[in-house]
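One structure is given here, and the rest of the page talks about it.
The shown structure was predicted, so the numbers you read here are calculated from the model rather than taken from an experiment. Whatever order the structure lists ligands and atoms in, that order sets their numbers, starting from 1. Only this structure's heavy atoms are used, side chains among them; waters, hydrogens and symmetry mates stay out.
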Amino acid sequence: MYPFDISKASDTREALHAGSQGGRYIAGGTTLVDLIRENVERPETLVDITGLPLDEITVTGRGGLRIGALVTMAEAAAHRKVRTLYPVISQALELSASAQLRNMATIGGNIMQRTRCTYFRDVTAACNKRDPGSGCAAREGFNRTHAILGTSEDCVATHPSDVAVAFAALEASVHLLGQDGERRVPFSDFLLRPGSTPNREQAIRRGDLITAVEIPALPRPLTSGYLKVRDRQSYEFALTSAAVALHLRGGVIREAMVAAGGVGTVPWKLPAVEQHLIGERPSDALWPAAAERAADGARPLAHNGFKVELLKRTVERQLRTVGGTK
Ligand code: SF4
């Protein structure tokens, strides 16, 4: 470890001022403290934001749900409205990390968490995300867990969050508070594909504070769920995952919201799958036909070609589960 300053913000104004001076916000600390210990990150100033009033879950006037940035993963997963209205969110949270981590980690921190690419966390390896311009050790290295969608020459790391996949599927938005006031960023624009700047991961400005994630009002009834496929059934990141929400009326699928995790450099929305489902009646034949489009555009690496078929099967199984023709 190295010496750094830490202060506790007593209100959002104080936090924003410290953030604008280069302070790094810290709440649960379950990612950032690890990265500091491993010398991957070396912030000079930490700003403890755990005293800010951002820890509530509320139903919005528009009929959606607003989850405060400081709500813990465990609190969000257990909340009655989340469980009943958006089970895909509860399930994604409960399949993440460990119980101890879920009690500490916050929703804001979860969507800001950094990749689990082992080369990113090994400061002796070349990594454009950690050290821009140094190269990408994963491209020619052991890349079994890396991305097959949204990759670039400069980075092939996956985004590790499960709940972010559910947020992407449901077309959530992120509320940010900055020097110029509050603004809302669609979730699909919030997390950035690596391109030639993999070190830039979110559409945020210096000092921006995440205040909440908002789920829009969605047509009812809505059935939803999250499936995560991993090497072991506990405390492991996804090889593939699928977040699915379906709205049926008159026996016909009117709305389909589908996204995949473990395969993209960002949570991967699947519009081709969604389009295949809308207007159709659930049937045994429909699910594999729709899931066949899940890996459109995939570019597997030397060790992760298995993810193409695994992704299709993961999506098919979760469509079948949520759609009700098991
Ligand atoms: Fe770094 Fe991305 Fe390459 Fe991993 S995949 S080594 S995070 S540049």
Check your understanding: Can a salt bridge be assigned to the pair D296 and R293 using a cut-off of 4.0 Å between side-chain N and carboxylate O?
Key -> yes
Exercise for review: Using only heavy-atom distances, determine whether the side chains of D154 and S196 contain a donor-acceptor pair under 3.5 Å.
Suggested key: no
Review point. Does the distance from a Lys or Arg side-chain N to an Asp or Glu carboxylate O, for D189 and R184, drop under 4.0 Å?
Key: no
**Study point:** Side-chain ion pair, K129 and E201, N-O less than 4.0 Å
**Key:** yes
Exercise for review: Any chance you could measure Q113, atom CD, to D34, atom CG, to the nearest 0.5 Å?
Suggested key: 11.0 Å
Study note, to complete from the structure: One finds that the ligand 1 atoms under 4.0 Å from a non-hydrogen atom of D154 are 8 (S)
Practice item. For atom 4 (Fe) of ligand 1, state how many protein N, O or S atoms fall inside a distance shorter than 2.8 Å. Key: 1
Check your understanding: Going by an N to O cut-off under 4.0 Å, is there a salt bridge joining E274 and K269?
Key -> yes
